[in-house]
Amino acid sequence: MSLRVYNTLSQEKELFEPVRPGKVGIYLCGPTVYKPSHIGHAVGPIIFDTIKRYLVYKGFDVTWVVNITDVDDKLIVESKAQGTTVYELADRITAGYLEAIRQLGVTSIDHLPKASEHIPEIIDMCRRLIDKGAAYVSGGDVYFDVSADTDYGKLSHRKPEEQQAGTRELASGEKRNPGDFALWKASKPDEPPEVQFDSPWGKGRPGWHIECSAMSVKYLGETFDIHGGGMDLMFPHHENEIAQSETCFDKPFAKYWLHNGLTRFNTKKISKSDQEMARKMGELTLTHLLSKHSPELLRYFIISTHYRRPIEFSDEEIAAKKKGLDTFYRLFERIERACRQDPYQDGPTLEQAFSSTENHADQSFIRECLDHQLRFLEAMDDDFNTGGAVGSLFEMATTINRFIDEWRLETEENPRGRDLAMAAVQTLRSLARILGLFDQRPPRAATTDHLVDDLMDVLIALRAEARKAKQYTLADLVRDRLKAVGISLEDRPGGTVWRRES
RNA sequence: GGCCGCGUACCCAAGUGGACUAAGGGGACGGAUUGCAAAUCCGUUAUUCGCCGGUUCGAAUCCGGCCGCGGCCUCCA
């Protein structure tokens with residue numbers, strides 16, 4: 001099977017072949033850390049974490065870089081407004097961002113370079129561009145000369161002269177062309193000292209795009225495989241990165257450009273600065289969402305749609321997705337009861353344990369599960385189609401549930417059947433882990449107070465007595481009252497189990 | 001105005017030239033199971049993929065036009 005990825009450069013799906021055989025370099029544009037991260041900021045990290053996991057699964061040696069932009073106009077404005085320093089603000093926001101994505105299972109980032117820690121590299125790159133005649137100094141600023149890049153616009157498929165360039169007034173009488181962009185910005189007198197760096201052109205700070213070019217070269221080389229980011233970054237940010245880097249090194253920059261769709265609320269892009277969005281922003285913040293929903297649910301919500309498609313965020317949709325996730329949690333609980341083994345403990349998969357079985361009844365179950373596995377992998381090979389992959393996990397869950405039903409594994413001793421079912425669950429988990437799901441048992445929503453467990457045992461025992469005596473009114477009363485306080489009872493073949501609804 | 005993306009059932013969402021079935025989830029309805037529920041399983045819920053044309057033996061899928069929604073061209077994940 002071969003991996004195909006959609007490349008924004010060519011606007012079609014291409015066969016994925018890394019620049020250096022066996023090795024893959026990925027650069028993802030991270031946040032500018034001036035305000036708390038929102039749900040949209042989590043999409044890139046979650047998708048690319050999944051992409052890296054899949055590439056590693058396929059045997060590639062992957063290096064993944066996510067930048068932190070901590071020197072920028074917005075940070076200067078915001079830190080002043082808050083009466084703090086640029087770095088205090090940046091550190092605080094960065095910490096919140098990293099903690100949020102860590103909770104969301106984004107664990108595979110290799111480097112998290114900060115712009116402020118790469119000033120020498122940035123200055124060096126500016127100097128090289130000036131030496132090449134592709135950039136010019138003007139009043140302490142350094143601008144990239146867009147006309148020096150003959151194929152400028154190839155990523156976003158637009159020509160600079162066709163844009164509404166006249167609308168952009170900026171304080172840039174010094175630019176030769178309206179399309180030229182700042183590589184280096186001269187410090188203004190009122191700017192905080194911590195963002196005034198020495199340079200050959202006087203005190204100043206990096207422009208917006210240059211840090212990505214400088215840092216990607218440092219960690220991934222002049223040419224690397226995958227560059228990612230939100231679709232809103234295609235122009236001008238990514239376009240300018242290409243212009244700088246390719247002009248500087250005379251080599252192709254990133255081979256594949258992957259752009260994720262934007263998260264929307266009420267059909268509008270989250271982070272848009274209108275009043276309605278401003279009012280809603282607090283609720284769309286990662287910190288707030290993580291206090292309301294489990295990280296696994298948020299990750300599953302994002303992963304259940306193809307990454308290029310825009311996602312509409314709503315409480316209704318989150319609630320619907322939660323019910324889907326519960327299907328898997330219930331299956332794991334069921335397996336645990338039937339097999340008296342922890343399904344979150346890694347064990348042999350079907351392929352590992354039952355590759356050559358003679359039993360006919362076993363064979364059809366194994367074949368069915370492996371067929372779902374194949375579908376999962378085919379979906380992932382098709383431009384990381386996580387939505388399709390999730391679908392095959394549901395089908396595998398149904399297959400396993402049916403097997404448990406048909407073989408009555410919950411009530412009848414059947415060691416072989418239980419081994420098969422457990423191995424199938426391990427197969428499912430081995431795939432889900434590529435998506436970053438079901439790696440660990442989700443923490444119990446309730447308090448872990450043993451008194452609650454003991455009291456529930458008492459109630460269930462009393463209700464069992466009532467049922468035995470056919471006092472169903474009483475038995476149902478217990479169940480209804482518990483339901484009202486958020487506890488549901490299930491009378492299963494092996495006994496009554498209870499669950500706290502969260 | 002230019003460039004880009006999206007439009008599949010009640011909702012979410014795969015599929016992007018022919019097979020398998022237009023996946024899967026939520027919801028609703030019916031059945032098995034259950035004392036009744038819950039959970040689980042089985043079945044039903046798109047003869048049709050925004051609209052109109054075209055190409056083709058064959059189109060949700062390719063081409064053209066139109067309509068609707070959104071993004072970018074200024075800071076954005």
Side-chain angles (χ1 to χ4, degrees), chain A residues 8 11 13 28-32 34-35 37-45 47-48 66 69 72-74 77 97 153 155-165 167-170 179 208 228-237 239 259-264 267-273 300-301 304-306 308-312 314 316-317 319-327 330-331 333-334 375 379 382 385-395 397-398 400-406 410 467 470-473 475-476 479-480 483 488-493 496-499:
Chain A
T8 305
Q11 296 179 298
K13 281 183 197 167
L28 173 71
C29 281
T32 299
Y34 72 99
K35 63 179 179 186
S37 310
H38 54 73
I39 180 71
H41 287 117
V43 176
I47 290 301
F48 280 86
V66 180
T69 298
D72 172 88
D73 298 18
K74 295 242 173 195
V77 172
Y97 170 76
L155 179 70
S156 55
H157 308 99
R158 60 182 94 193
K159 295 182 172 58
E161 62 272 20
E162 285 175 4
Q163 303 302 305
Q164 286 186 335
T167 57
R168 159 162 60 184
E169 291 293 329
L170 295 179
W208 176 32
M231 287 199 169
D232 51 351
L233 295 183
M234 233 166 77
F235 187 91
H237 186 55
E239 197 71 71
H259 287 102
N260 62 267
L262 303 178
T263 310
R264 308 193 302 197
T267 80
K268 288 207 194 72
K269 171 182 149 183
I270 286 174
S271 93
K272 202 155 183 88
S273 51
Y300 169 70
F301 177 77
S304 57
T305 300
H306 183 88
R308 228 164 339 101
R309 191 182 172 108
I311 310 173
E312 182 76 24
S314 71
E316 295 71 34
E317 204 45 46
K321 288 282 190 277
K322 184 177 188 308
K323 298 206 170 178
L325 250 198
D326 281 341
T327 300
R330 288 214 172 88
L331 171 62
E333 288 171 16
R334 201 177 181 206
R375 297 275 198 89
D382 183 13
N385 180 1
T386 53
V390 164
S392 69
L393 291 185
F394 273 102
E395 291 184 295
T398 299
I400 299 170
N401 266 319
R402 193 193 305 130
F403 184 79
I404 297 172
D405 280 353
E406 285 172 357
E410 285 169 296
R467 291 177 70 208
K470 297 208 189 306
Q471 293 176 2
Y472 293 123
T473 319
D476 291 348
R479 191 172 59 198
D480 292 346
K483 183 87 185 171
S488 63
L489 295 185
E490 294 177 19
D491 297 323
R492 313 197 121 267
T496 299
V497 300
W498 64 277
R499 170 179 296 105

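In what follows, every chain begins at residue 1, and chains take the letters A, B, ... in the order their sequences are listed. Source: prediction; values computed, not measured.
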Donor-acceptor contact present, side-chain A:Glu239 to main-chain A:Met234, <3.5 Å =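 Looks like no, no N/O pair under 3.5 Å.
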
query = So, the side chain of A:Thr386 versus the backbone of A:Thr305: is there a donor-acceptor pair under 3.5 Å, distance only?
reply =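 Confirmed, A:Thr386 side chain pairs with A:Thr305 backbone.
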
Counting just side-chain N and O atoms, does [X] come under 4.0 Å of either OP1 or OP2 of [N]?
X	N	value
A:Arg334	B:U40	no
A:Arg309	B:A14	yes
A:Thr32	B:A77	yes
A:Asn401	B:C41	yes
A:Gln471	B:G35	no

With a non-hydrogen cut-off below 4.0 angstrom, is [X] in contact with a base, only sugar-phosphate, or nothing?
X	answer
A:Thr305	sugar-phosphate
A:Gly30	sugar-phosphate
A:Leu489	base
A:Ile404	nothing

For [X] and [Y], which heavy atoms make the closest approach, and how far apart are they?
X	Y	result
A:Arg334	A:Glu410	NH2-OE1, 3.1 Å
A:Gly388	A:Ala379	C-CB, 3.9 Å
A:Tyr97	A:Pro45	OH-CG, 3.3 Å

salt_bridge([X], [Y]) N-O dist < 4.0 Å:
X	Y	answer
A:Arg499	A:Glu333	yes
A:Arg479	A:Asp476	yes
A:Asp232	A:Lys272	no

task = Sugar-phosphate means primed atoms, P, OP1 and OP2; the rest is base. With that split, encode nucleotides 63-71 of chain B 5' to 3' as B, S or - using protein heavy atoms under 4.0 Å.
result = -------SS

inquiry  = Using a 4.0 Å heavy-atom cut-off to protein, can you give one letter per nucleotide of nucleotides 15-28 of chain B, 5' to 3': B if the base is in contact, S if only the sugar-phosphate is, - if neither?
reply    = S-----B-BSSSS-

ask   = Nearest of B:A14, B:C42, B:U40 to any side-chain atom of A:Arg330?
value =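 So the side chain of A:Arg330 is nearest to B:U40.
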
Of the listed nucleotides B:A13, B:A77, B:A38, the one nearest the side chain of A:Asn260 =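 For A:Asn260, the side-chain atoms sit closest to B:A77.
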
key: Between B:A38 and B:U48 - P atom distance, rounded Å   =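 Nearest-Å result for B:U48 against B:A38 at atom P: 35 Å.
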
Nearest-Å distance for atom pair [atom1]/[atom2], residues [X] and [N]:
X	N	atom1	atom2	answer
A:Glu333	B:A39	CD	P	13 Å
A:Glu312	B:C6	CD	P	17 Å
A:Asp72	B:U74	CG	P	16 Å
A:Glu239	B:C72	CD	C1'	12 Å
A:His237	B:C73	NE2	C1'	16 Å
A:Met234	B:U74	CE	C1'	17 Å

inquiry  = If you define the side chain from C-beta out and look only at heavy atoms, does anything of A:Val390 sit under 4.5 Å from A:Tyr300?
reply    =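 The answer is yes; the side chains approach within 4.5 Å.
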
query = Want to know the stems of RNA chain B: at least 3 consecutive Watson-Crick or G-U pairs with distances under 3.5 Å, which are they?
reply =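 Stems found: B:1-7 with B:67-73, B:10-12 with B:24-26, B:27-32 with B:40-45, B:50-54 with B:62-66.
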
